[in-house]
Amino acid sequence: MNILVNDDYASMSQQAAAIIEAHICNHERTVLGLATGSTPLGMYEALIEGHQTRGVSFKRTFTLNLDEYIGLQPSHPQSYHYYMQHHLFSKIDIPLHQTYLPNGTAQSLSDECSRYEQIIDEVGPPDIQVLGIGENGHIGFNEPGSDFSGTTHVIDLAPSTLKANARFFHTVDEVPNKAITMGIQSILKSKRILLLASGENKAWAVKKLMEKIIDDQFPASALHHHPDVTLVIDQKAYSQIQSDRG
Ligand code: GLP
């Protein structure tokens, strides 16, 4: 596991986008695994800037998103479908039929899980999978206690995740309490993983991850089973490691 520590959120975002841009520019076809949340927003802005100012084209890029809330229509402003459309897809030249997210409003969620896993195998695996990290160490929506051999599945969100994500809704009661997420095994199929973390609220999770203790109560620790993981973080997210080292 490599770790790249940037001065601040802006440089972390630029660095992550530069890694993705370099892959797209040097390959005929790129498959990206994408994450939502606050953390990758700056990276998406930097990718859009690359498209607008350097002519980077996403016409031969395919995307597979990690997760979606159950019960939110794609038109709901807090759905991850809406997020991706608003923050990235509508601002670059990616053909929309090359973008995939799990459908949180499918009639049969178990069929949807199988369908999505099949898509990951047919379109992917991602050349680069972007991950954020929850304050409790979740990746995608794989909460503490998740099976490391899990594929795409439905999950009950942890109370701490509902609380953390309440900032995007009017009240915590509006946060859907279930989601559909790629499993840890699905995530580990990716060829390369970039985990982004920014801010002091992620410093504990980053420190715990760097302790290299594999524990299902800390889902991100499953990444130690992957051969090519890079943490792209900022100083604040690194701060607990730094303070331990004096
Ligand atoms: C969310 C998402 C994750 C994301 C994480 C951190 O709930 N399901 O994919 O990485 O929590 O979010 P944020 O970047 O907003 O801190």
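Start at 1 with the first residue, then count along the sequence. Counting starts at 1 for both ligands and their atoms, in listed order. Remember, it's a predicted structure, so these values are computed and weren't measured experimentally.
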| Taking all atoms of both residues into account, what is the closest heavy-atom pair of Asp127 and Lys191, and its distance? | OD1-NZ, 3.0 Å
| said: Please report whether ligand 1 has a polar contact with Ser38, defined as an N or O pair separated by less than 3.5 Å (distance criterion only). | reply: yes
| said: What I want to know is whether Thr36 and ligand 1 share at least one N or O pair that is separated by under 3.5 angstrom. | reply: no
| What about Phe141 and His138, are their ring centers closer than 6.0 Å? | yes
| Counting from 1, what ligand 1 atoms have a heavy atom of Lys202 closer than 4.0 Å? | 6 (C), 13 (P), 14 (O), 16 (O)
| Which bit of Glu135 is near ligand 1, meaning a heavy atom under 4.0 Å away: side chain, backbone, both or neither? | neither
| request: Can you sort out which atoms of ligand 1 are near Gly132, meaning under 4.0 Å from one of its heavy atoms? | output: 10 (O)
| field | Near-ring test Tyr80/Tyr69, centroid separation under 6.0 angstrom | value | yes
| remark: Counting heavy atoms under 4.0 Å, the part of Asp67 that contacts ligand 1 is side chain
| Side-chain (Glu68) to main-chain (His81) donor-acceptor, under 3.5 angstrom | yes
| request: Just let me know how Tyr69 lines up against ligand 1, side chain, backbone, both or neither, with a heavy-atom cut-off below 4.0 Å. | output: neither
| task | Verify the cluster assignment for Leu194 and Val206: are they in a single hydrophobic cluster under the rule of side-chain heavy atoms below 4.5 Å apart? | result | no
| Check: Ile92 main-chain N/O paired with His51 side-chain donor or acceptor under 3.5 Å | no
| Closest approach of any protein heavy atom to atom 5 (C) of ligand 1, naming residue and atom | His138 NE2, 3.5 Å
| query | For ligand 1, is any non-hydrogen atom under 4.0 Å from Ile133's backbone (N, CA, C, O), its side chain (CB onward), both, or neither? | reply | backbone
| query | For ligand 1, which atoms, with element, lie under 4.0 Å from some heavy atom of Arg167? | reply | 13 (P), 15 (O), 16 (O)
| said: Under 4.0 Å, heavy-atom basis, I'd like to know which part of Glu68 is in contact with ligand 1: side chain, backbone, both or neither. | reply: neither
| message | List ligand 1 atoms under 4.0 Å from Thr39, heavy atoms only on the residue side. | response | 13 (P), 14 (O), 16 (O)
| query | With distance as the sole test, does Ser190 use its side chain to make a donor-acceptor pair with the main-chain N or O of Ile193 at under 3.5 Å? | reply | no
| field | Proximal ligand 1 atoms for Gly37, defined as those under 4.0 Å from one of its heavy atoms | value | 14 (O), 15 (O)
| So do Met182 and Tyr116 actually touch side chain to side chain, heavy atoms under 4.5 Å? | yes
| note | Per-atom filter on ligand 1: closer than 4.0 angstrom to a heavy atom of Gly140 are 2 (C), 3 (C), 8 (N), 9 (O)
| Shortest non-hydrogen contact between Met84 and Thr36, atoms and distance | SD-CG2, 3.9 Å
